[in-house]
Amino acid sequence: MAAIIYPVTPSFAAEIGDVDLSAPIEPADLAAIKEAFATYAVLIFPDQQLSQDQHLDFARHFGPLETTIGVYRRDAPLRVRKEFADVSNLTHDNEVWGKDSRLRLFQLGNRLWHTDSSFKRRPALASLLYARSIPPVGGHTEFADERAAYDALPEATKRRLDSLVAEHSIFTSRARLGFTNFTDEERRQMPPVPQVLVRTIPESGRKSLYLASHAGRIFGMPDAEGRALIDELVAHATQRQFVYTHRWRLRDLVIWDNRCTMHRGMEFDDLRWKRDMQRATVSDIANSCEQEGVVIEAA
Ligand code: OGA
Ligand code: MN
């Protein structure tokens with residue numbers, strides 16, 4: 001049976017039915033999924049029974065995978081294969097983390113609006129998050145459509161933003177939470193990177209804001225002015241009309257386009273309930289400045 005697409009919102013999120021991602025995918029289904037991905041940017045595949053290998057195999061249809069393990073997980077055995085980001089509230093022995101654990105403080109960054117890996121020179125193109133265990137209440141994920149947010153800007157603002165470049169760093173988003181306890185070695189491993197503020201998505205031709213809580217200063221602007229502009233744009237881009245809230249069901253696989261969306265995790269009682277999610281992350285083809293042909297001088 002061919003894959004079928006049910007819009008959840010008119011142009012941002014859709015559910016995909018009649019497709020079993022644990023089996024090799026039919027070319028026609030894959031083409032339909034990719035077309036839907038270009039149109040909607042957030043796709044939900046309900047009730048998928050996926051092994052770790054099957055999850056990774058499906059992700060590879062969208063491009064090469066990111067494999068770097070977060071600094072905060074490096075000191076313990078991994079719960080999931082190294083290709084995944086472990087987005088759970090669990091320690092390596094499957095227990096709920098402690099209130100003051102470093103892991104917990106670090107993952108609090110997921111509660112801020114962001115797009116995945118924009119702090120890497122070559123950021124993430126897509127993320128595929130799979131729900132292995134969900135809490136009975138809370139723990140939703142919100143997504144913001146940054147294409148719609150861009151479209152809604154006044155023309156003069158669009159023109160002003162078009163040529164701007166922001167500096168993204170994982171330590172900027174963590175510092176926003178007051179979490180600054182990183183070693184020099186950790187800081188050296190993840191230096192800040194430039195990313196354009198506005199990008200064009202090749203598959204749809206649509207323009208999009210490219211924002212995240214990882215973004216700090218804007219090149220060519222005083223630090224405070226750049227920060228204020230980023231905060232203002234994030235507030236604009238996350239107004240209710242641009243946001244879809246995903247309420248997880250067990251074994252949902254959700255895939256989003258990191259080039260034109262932001263997301264954030266919502267609160268749940270993480271010291272009581274287990275929330276076990278694994279994320280496969282597909283790399284973008286190049287740094288966003290390179291893709292847009294913007295040359296940024298080293299600062
Ligand atoms: C992620 C993320 C939020 C959530 O997986 O990249 O930010 O709700 N997740 O788990
Ligand atoms: Mn994320």
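The chain is numbered in sequence order, starting from 1. Counting convention: from 1, in listed order, for ligands and their atoms alike. Side-chain atoms are counted along with the backbone in the values below, which use heavy atoms only and exclude waters and symmetry mates.
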### Message
Using a 4.0 Å heavy-atom cut-off, which part of Trp256 comes near ligand 1: side chain, backbone, both, or neither?
### Response
side chain

### Message
Donor-acceptor check, side chain of Ser213 to backbone of Trp113, threshold 3.5 angstrom: yes or no?
### Response
yes

### Query
Are any non-hydrogen side-chain atoms of Leu164 and Met221 less than 4.5 angstrom apart?
yes

### Message
I'd like to check which ligand 1 atoms, numbered from 1 as shown, lie under 4.0 Å from a non-hydrogen atom of Asp116.
### Response
6 (O)

### Query
For ligand 1, which atoms, with element, lie under 4.0 Å from some heavy atom of His114?
7 (O)

### Message
Just to be sure I'm reading this right: ignoring hydrogens, which of Arg264, Arg275, Met262 gets closest to atom 10 (O) of ligand 1? Compare them by their nearest heavy atoms.
### Response
Arg275

#### Entry: Asp116, N/O/S atom nearest the Mn ion (ligand 2)
OD1

#### Entry: Under 4.0 Å to a heavy atom of Val87 - the qualifying atoms of ligand 1, by number
5 (O), 9 (N), 10 (O)

#### Entry: Considering only N, O or S atoms of His263, the one closest to the Mn ion (ligand 2)
NE2

### Task
Please name the atom of His114, restricted to N, O or S, that is closest to the Mn ion (ligand 2).
NE2

### Message
Students should be able to answer this: which protein heavy-atom is nearest to atom 8 (O) of ligand 1, and at what distance?
### Response
Thr141 OG1, 2.6 Å

### Query
Taking everything shown except Glu35 itself, do over 12 heavy atoms lie less than 6.0 Å from its CD?
no

### Identity and separation of the nearest protein heavy atom to atom 6 (O) of ligand 1
Arg279 NH1, 2.7 Å

### Message
Exactly one of Arg122, Arg121, Gln291, Lys120 should register a side chain to side chain donor-acceptor pair (under 3.5 Å) with Asp284. Which one does?
### Response
Gln291

### Query
Using the ring of each side chain (for Trp, its six-membered ring), is Tyr244 parallel, tilted or perpendicular to His246, with breaks at 30° and 60°?
tilted

### Query
How close do Leu177 and Leu108 get, heavy atom to heavy atom, and via which atoms?
CD1-C, 3.7 Å

### Query
Would a line drawn from the ring center of Phe143 to the ring center of Trp256 be shorter than 6.0 Å?
yes

### Message
At less than 4.0 angstrom from any non-hydrogen atom of Leu129, what atoms of ligand 1 do you find?
### Response
5 (O)

#### Entry: Linked, directly or transitively: Tyr130 and Phe58 (ILVMFWY side chains, under 4.5 Å)
yes

### Task
Can you label the angle between the His168 ring and the Tyr210 ring as parallel, tilted or perpendicular, going by 30° and 60°?
parallel

### Task
Could you tell me whether some N/O pair between His263 and ligand 1 is separated by less than 3.5 angstrom?
yes

### Task
State which residue, out of Thr200, Asp162, Asp151, fulfils the side chain to side chain donor-acceptor pair (under 3.5 Å) condition with Lys207.
Asp162

### Message
Any atom of ligand 1 sitting under 4.0 Å from a heavy atom of Tyr130?
### Response
no

### Task
Heavy-atom distances under 4.0 Å are what count here, so tell me which part of Met277 touches ligand 1: side chain, backbone, both or neither.
neither

### Task
Answer yes or no for Met266: is there a heavy-atom contact with ligand 1 below 4.0 Å?
no

